[in-house]
Amino acid sequence: MKALLASLLESSLNSLQKLCVTQCYAIKCGYIADVYVSNRILDSYSKFGFLSHAHKLFDEMCQRDSVSWNTMISGYTSCGKLEDAWCFFKGMRRSGSNVDGYSFSRLLKGIAFGKMFDFGQLVHGLVIKGGYECNVYVGSSLVDMYAKCERVEDAYEAFQDISEPNSVSWNALIAGFVQVRDIEMAFWLLSSMEMNDAMIMDGGSFAPLLTLLDDPVLCNLTKQVHAKVLKLGLEDEITICNAMINSYADCGLVLDAKRVFDGLGGLKDLITWNSMLTAFSKHELKESAFELFIEMQRSWIETDVYTYTGILSACSGEEYQIFGESLHGLVIKKGLEQVTSVSNALVSMYIQFPTGAMKGPLSLFESLKSKDLVSWNSILTGLSQNSFSEDAVKFFSYLRSSNIEVDDYAFSAVLRSCSDLATLQLGQQIHALAIKSSFESNEFVTSSLILMYSKCGVIKNARKCFEQISSKHSSTIAWNTMILGYAQHGSGQVSLDLFSQMCNQNVKLDHVTFTAILTACSHTGLVEEGLEFLNSMEPVYKIQPRMEHYAAAVDLLGRAGLVMKAKELIESMPLNPDPMVLKTFLGACRACGEIEMATQVANHLLEIEPEDHFTYVLLSHMYSDLKKWEKKARVKKMMKERGVKKVPGWSWIEIKNKVYTFNAEDRSNPLCQEIYLMIEDLNQEMQWLDSDNWFDQASLLGLNHF
DNA sequence: CTAGGGTTAG
């Protein structure tokens, strides 16, 4: 009989047909009355998710034992239908079949998956009533359930109730503390487990723990765990290796990640490949990511949604646009375009291409049937990043009016648009909303708030937001934004003070910190200090200077009139100066009246960036200053021939919910006479200030640090 | 027929 069933189950028919045939055969031969036979068919139905068939068979069975009931409970919990599972659980008790350890562990697994803490407590009560709390299977399920609900104390109590906990119980408990990011407790449990000779440690003990080691400051810990893993001979445990690849990558040690990857040889599974792929993508090692992706194709490694989200996130920047588009084709071919995560990855890829229009991303987004929070936020971020600021604000209010969840990402993005719009009232309204939704202390939201208030000229409020951050030692971006805010307000000394506080409090510095601090020096004329910062970046702070740092330093020297020093700096740069550096230098040449050098640099710039209006406009102004009208006319003509247009600068001010825009010499406003009179008054006042010495100026402006 | 563990997009 067993042989018959086995051969039927192995037939070449697809599984549902196979099971139906098996069932018919069993009925025909009268085997169906055998509980063992029925249970086996029942189990197959529920394993493949054919629950209506299972249910029907269950109803038709003339005899049911606890295995039959438990099978039904498993079937329903494993597809998330907890209510149905619960009905069977209750039915089981009513029918006189005793619920047992199997029933509880299955039910609890479903509860853990759904993180239904209250339900879990109720079942825990029943477990105690039935006397199962010391059963290692039930107990471990309880630990897991509380762990998944992030109730680690309850998990710990449940763990202590188990009479003889095994490694699964330990692992479930460790995973619980990992889930709430309690590194210390997780490590303490791991070492307690290690001291317990009866416990065999495996992937389940180490892999979850490694997911916590995701920051460069923890890289030594990662290495130590790696050493321990080798010592225990667990280097072939695939889950550990996969987690290790991710840890090393998140700690910034991609090469170590690659070493683990290579060390696996033929033991690699799909998660291994995906993890390595994502590691390369995260570190902008696009070529390596593509090589790996192609190797996967060549070696006939199956690909899945993770593979595509991984490789799609490697496609940033102009030169990868063509690859990104090809991958989009592949995604369509594989039928993955409607998978939310893949579509989200496509959207975020498209929004950062230099041709950054929102048309493509928006149509992708609109055709996506199941949108999640990331989908909405990606579009919002896209609008914000591509300077569609008004649309970003509109989109944000649409989200709110449609009752779509608005989270910290959304707040951060829309506040950035408020900064770009420099509309204080709107920014304040959104600030109020952020407070109401308790996102105001989030690092990213706070930074956007600081930026918004700085841009709107209310540096005091920016400072207030900054002061309210709970864990200042870990929020580099908030410090950077605050330093930059003061720098742009001309309070360079405050920026420098913040910088030393940052160092004293061991806040992590990054390349943006130095851009901010160099800007501060340049806006305050602190030449020596600025150069000192630039020169110490690499040797002292271990941060490689980037193009923007050199640009800032050139600006610093240019503003101080040290154009030759700026030239020397550019010549000594280890990188080839990019257009930004050259444009800054050009500005410095003009300001210092270095016509020859300006002309040279300008000619070079006109060659490499003929479409940018900056160089033409600057040359034109310079020739005006020098009254060289012919040369000015030549520049204007060149612009016209090449179709380059000057982008006029606009200013705007928000008064009582209305935004007034104007540009230079604008007389279109009906109140323009009054406005110009006021400007004259202000000018006079400024001249009066100018006649005093600068100490008095500083004190009038409230800059007491001078 | 029971329990734990590794990869994704903003």
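Below, chain A is the first sequence line, B the second, and so on; all start at residue 1.
Residue-level contact check: A/Gly203 touches the bases, meaning some heavy atom is under 4.0 Å from a base atom. Within the 4.0 angstrom heavy-atom criterion, no nucleotide atom of any strand lies near A/Ser74. Residue contacts shown for A/Thr381 are limited to sugar-phosphate atoms, with no base heavy atom under 4.0 Å away. When heavy atoms are screened at a 4.0 angstrom cut-off, A/Asn39 is found touching no nucleic acid atom at all. Within 4.0 Å (heavy atoms only), A/Ile238 reaches at least one base atom of the nucleic acid. A/Lys47 comes within contact range of no nucleotide atom at all, as no heavy-atom separation falls under 4.0 Å. Within 4.0 Å of A/Asp100, counting heavy atoms only, lies no atom of the nucleic acid at all. Nucleic acid contact for A/Ser378: sugar-phosphate only, since backbone atoms but no base atoms lie under 4.0 Å from a heavy atom of the residue. Contact annotation for A/Ser169: no contact, since no heavy-atom pair falls under 4.0 Å across all strands.
Rounded to whole Å, atom P of B/dT7 lies 6 Å from atom CG of A/Asn246. A straight line from CG of A/Leu336 to P of B/dT8 spans 17 Å, rounded to a whole angstrom. The distance between atom CG of A/Asn70 and atom P of B/dT2, rounded to the nearest whole Å, is 10 Å. Rounding to whole angstrom units, CZ of residue A/Phe113 and P of B/dG5 are separated by 12 Å. What separates CG of A/Leu173 from C1' of B/dG5 is a distance of 14 Å, to the nearest Å. Remark: P of B/dG5 and CG of A/Leu190 are 15 Å apart, rounded to the nearest angstrom. Between the P atom of B/dT7 and the CG atom of A/Asp214 lies a distance of 11 Å, rounded to the nearest Å.
In the region residues 151-163 of chain A, proximity to DNA chain B at under 4.0 angstrom, judged on heavy atoms, holds for none of the residues.
Using a cut-off of 4.0 Å between Lys/Arg side-chain N and Asp/Glu carboxylate O, A/Lys223 and A/Asp256 are scored as not salt-bridged. A/Asp84 and A/Lys81 are not joined by a salt bridge, as no carboxylate oxygen comes within less than 4.0 angstrom of a charged side-chain nitrogen.
For A/Asn166 against B/dA3, a side-chain N or O and a base N or O form a donor-acceptor pair under 3.5 Å. For a distance-only test at 3.5 Å, the side chain of A/Ser341 qualifies as a donor-acceptor partner of the base of B/dT8.
For A/Asn344, the listed nucleotide lying nearest its side chain is B/dA9; candidates were B/dA3, B/dT8, B/dA9. The side chain of A/Ala207 approaches B/dG5 more closely than any other nucleotide in the set B/dG5, B/dA9, B/dT7. Comparing B/dT8, B/dG5, B/dA3 by their nearest atom to the side chain of A/Thr278 picks out B/dT8. Closest to the side chain of A/Val67, out of B/dG4, B/dG5, B/dC1, is B/dC1. Here B/dG5 is the nucleotide among B/dA9, B/dA3, B/dG5 with the atom lying nearest to any side-chain atom of A/Glu237.
Ring orientation note: the planes of A/Phe395 and A/Tyr398 are tilted relative to one another, at an angle of 30° to 60°.
For the ring-ring contact (aromatic ring centres under 6.0 Å, His included) condition, the pairs that include at least one residue of residues 240-270 of chain A, sequence neighbours left out, are A/His226-A/Tyr248, A/Phe261-A/Trp273.
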For side chain to side chain contact (heavy atoms under 4.5 Å, CB included), just list the numbers for A/Glu133 and A/Val138, CA-CA rounded to whole Å, side-chain angles, deciding distance to a tenth of an Å, and then say yes or no.
CA-CA 6 Å; A/Glu133 78 270 30; A/Val138 179; over 6 Å; no
*Pair A/Tyr146-A/Tyr156, ring pair (Phe, Tyr, Trp, His ring centres under 6.0 Å): steps then yes or no*: CA-CA 9 Å; A/Tyr146 283 123; A/Tyr156 195 75; over 10 Å; no
task: Take A/Tyr45 and A/His55 through the side chain to side chain donor-acceptor pair (under 3.5 Å) test and state the conclusion after the steps.
output: CA-CA 9 Å; A/Tyr45 275 134; A/His55 201 149; over 6 Å; no
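An OP1 or OP2 oxygen of B/dA9 is reached within less than 4.0 angstrom by no side-chain nitrogen or oxygen of A/Lys282. For the pair A/Lys109 and B/dG4, the criterion of a side-chain N or O lying under 4.0 Å from OP1 or OP2 is met.
Remark: of the listed residues A/Thr303, A/Asp269, A/Asp304, A/Thr309, A/Asp304 is the sole one forming a side chain to side chain donor-acceptor pair (under 3.5 Å) with A/Asn274.
Between A/Tyr102 and B/dC1, a base-stacking contact is recorded: ring centres under 5.5 Å apart, planes less than 30° from parallel.
With sequence neighbours left out, the ring-ring contact (aromatic ring centres under 6.0 Å, His included) criterion links A/Phe58 to A/Trp69, A/Phe88.
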